[in-house]
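Working notes, beginning with the structure itself.
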Amino acid sequence: MKRGGAKGRGGPVVKAVLYGFLLFVTLFLQIGPLTVWRVAGVAPLWLPVLAIMVAVREGERYGLFYGLAAGLLCWIILPRGGGFYAVFIMLACMLAGNVTERFLTKTFATTLLWCLAAFAAMDILFFLFFYLLPGRAGFGALWRVALPETVFSVLSAQILYLPVKGISRLCGSERRQGLWKA
Amino acid sequence: MNFIRRHKQLVVALAVAAAVAGMSLASLFVSGGVSPLQDLLGAIVRPFQMLADGLAGGVGGLYGYIYEYDEIRAENDELRLRIAEQEEEIRRLEEAGEENERLRELVGIKEARPEFEFLSADIISRDMSNWARTFTLGAGAREGVRVGDCVLSAEGYLVGVVSACANTWCDVITVTDTDMAAGAVVYRTALTAVAEGNFELMLNGRLGLFYLEPEADLSIGDLVMTSGTGGLLPKDIPIGKVTDVRMEKNGLSAMAEIEPLAQLDRLRVCYIVINYNSGQSGETP
C-alpha cells in the first residue's frame, strides 16, 4: 500500500538507498564540520534529529530500523552512554512514527515538535543515568549543556527536513504498516 | 616636336628610365644606399611582405603541427607525467617534513624522560559529545597500548589517560574530563592532593585540585604535577598551573582550579607512555 508517487517496484529500494546515503552524509558532517561549529559552547548532534524526522515521515517500522541505525552510530561516535543511544533513539522513533500515523499530520511543525521532545527526553535521561546518579555532574549541567544542546541541535538540523521530505515524496511514504496494526 | 609627338610612348619610357637611372645614381651618394624610389616601393610593398610572411609562417606552423602532432602529443604526455611526478615528490617531501618534526619532538621528549617508553599516535577523532572531553588516537593494543596508559603532549605535559583500547585505536579521557582523577603534588610546596575533573570546570577547560586544607600553602601560578601515588600514572609529569584558590561549598576544605599546560584543542599528535620504570625520576621543568 503506497501513497504519493508509487514510483514502481524499485521504490522501497531506492528510498532505502537514499535514506542510507542521507544517514552517511549526516554522519560525515557529525564527525567532521559539526564538531567545530559551536554555539554557547555546545556542538550540534544531528543524527538523532534525522532519525526522528524520518520516523515522522515514514512511520514506526521505518523509524524502528532507522532509529536503530542512527542510535548505533551515536553509540560508536559518542563517549559514554553504552547502548543508551541505540535503544532510546530506536524507541523514540517508533513512538514518533506510530503516534504521528495514528493521530497527527506529517507537517514541518509536527516534525519539529517531535524532534524537540525526543531530543530533550534523551538528554534528560542521559544526564540522569550517566551524570547525576554517578555523581559526575549536578543539575546545573541541564542548563549548561542539555538545554543549549537540544535547542541548537534541533534547530540547526531542520535543514535536513528538506532532503527527508524530498525522499519521502519521491519514493512515497509508507502508510499503516506499523508493527501493531489497528 | 613632331618626333616627340610621333614617338610619345618611347619618350615617356626613356624619361622614366632616365629618372630611375638618375635615382639609382643618386642613391650611391646617399648614406645607407636606399634611394627615394626604393624607399617608396618599400613602403608600399612592406605590408604585403609582412602579411605574406605571416601567412607563410602560419601555413608552416600548421604543416608542422600536422606533421609533428604525434611528437607534440608525446611530449605533452611526458610533461604531464613529469608534473605529476614532481607533485608527488612535493607531497612526499611535505610528509617527510611532518615526520621529521614529529621525530624531533619524540627525540626531545625521550631525552627529557628516558625512563619512559613512548609511542606516538595521531588524533583521529576529537570529542563529538558536549558531555565529555575525550578523543581517539590511531594506535591500539596491537602497538602495545593498554587501558590506563598515560598520554603526554610533545612538551611532556599530561594530556590524559587511555580509557578504552581496541586493536588499532584507543579512547583517551583528557585531564579536564569528569572521569579523570590523579594523585597530584604542588611543585613549590610539595603539597599533595587529588587532581580531578569536574563538570563545571570541564566546560571552562579546567580541572580541580580537591580536598585541600583550608590553610594550604597554594598560590596562583603554582605548578601542579602528578605525584605517582597509586602507581596509575608516572610521577613528576606536569599537569597544569593553579589559576584560582577558594573554599569548597561544604566550607570544610579548599580547592584550586588548574589550567592544563597541554594545549588540548591544538593537539594533533600525542605520545603514549606504554612502559615506564617507576624507580627513576626524569627531569622536571
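In what follows, every chain begins at residue 1, and chains take the letters A, B, ... in the order their sequences are listed. Computed from heavy atoms alone, side chains included, the values below leave out hydrogens, waters and symmetry copies.
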Does atom CZ (B/Phe210) have a neighbourhood of more than 12 heavy atoms from anything else shown, all under 6.0 Å? yes
Going by salt bridge (Lys or Arg N to Asp or Glu O under 4.0 Å), name the residues that satisfy it together with B/Glu196, two or more places apart in sequence or in a different chain. none
Measure from the side-chain N and O atoms of B/Asn130 to the backbone N and O of A/Ala43, and report whether any donor-acceptor pair falls under 3.5 Å. yes
Tell me whether A/Arg80 is salt-bridged to B/Asp177, with the criterion being a basic N under 4.0 Å from an acidic carboxylate O. yes
Applying a strict 4.5 Å limit to non-hydrogen atoms, the region of A/Tyr131 in contact with chain B is side chain
Whether over 12 other heavy atoms sit under 6.0 Å from B/Tyr211 OH: no
For a 4.5 angstrom cut-off between non-hydrogen side-chain atoms, does A/Leu78 reach B/Trp131? no
Heavy-atom neighbours of A/Phe108 CZ exceed 12 at 6.0 Å: yes
Please look at B/Thr134 and chain A and tell me whether the side chain, the backbone, both or neither of the residue comes under 4.5 angstrom of a heavy atom of that chain. side chain
Flag the one option from A/Gly41, A/Pro148, A/Ala146 with the top tally of heavy-atom pairs under 4.5 Å to chain B. A/Ala146
Enter the distance from B/Ser129:OG to A/Tyr85:OH here, rounded to the nearest 0.5 Å. 5.0 Å
Restricting to side chain to side chain donor-acceptor pair (under 3.5 Å), what partner residues turn up for B/Asp149, sequence neighbours left out? none
Is the number of heavy atoms from other residues, nucleotides or ligands within 6.0 Å of CG (A/Leu162) greater than 12? yes
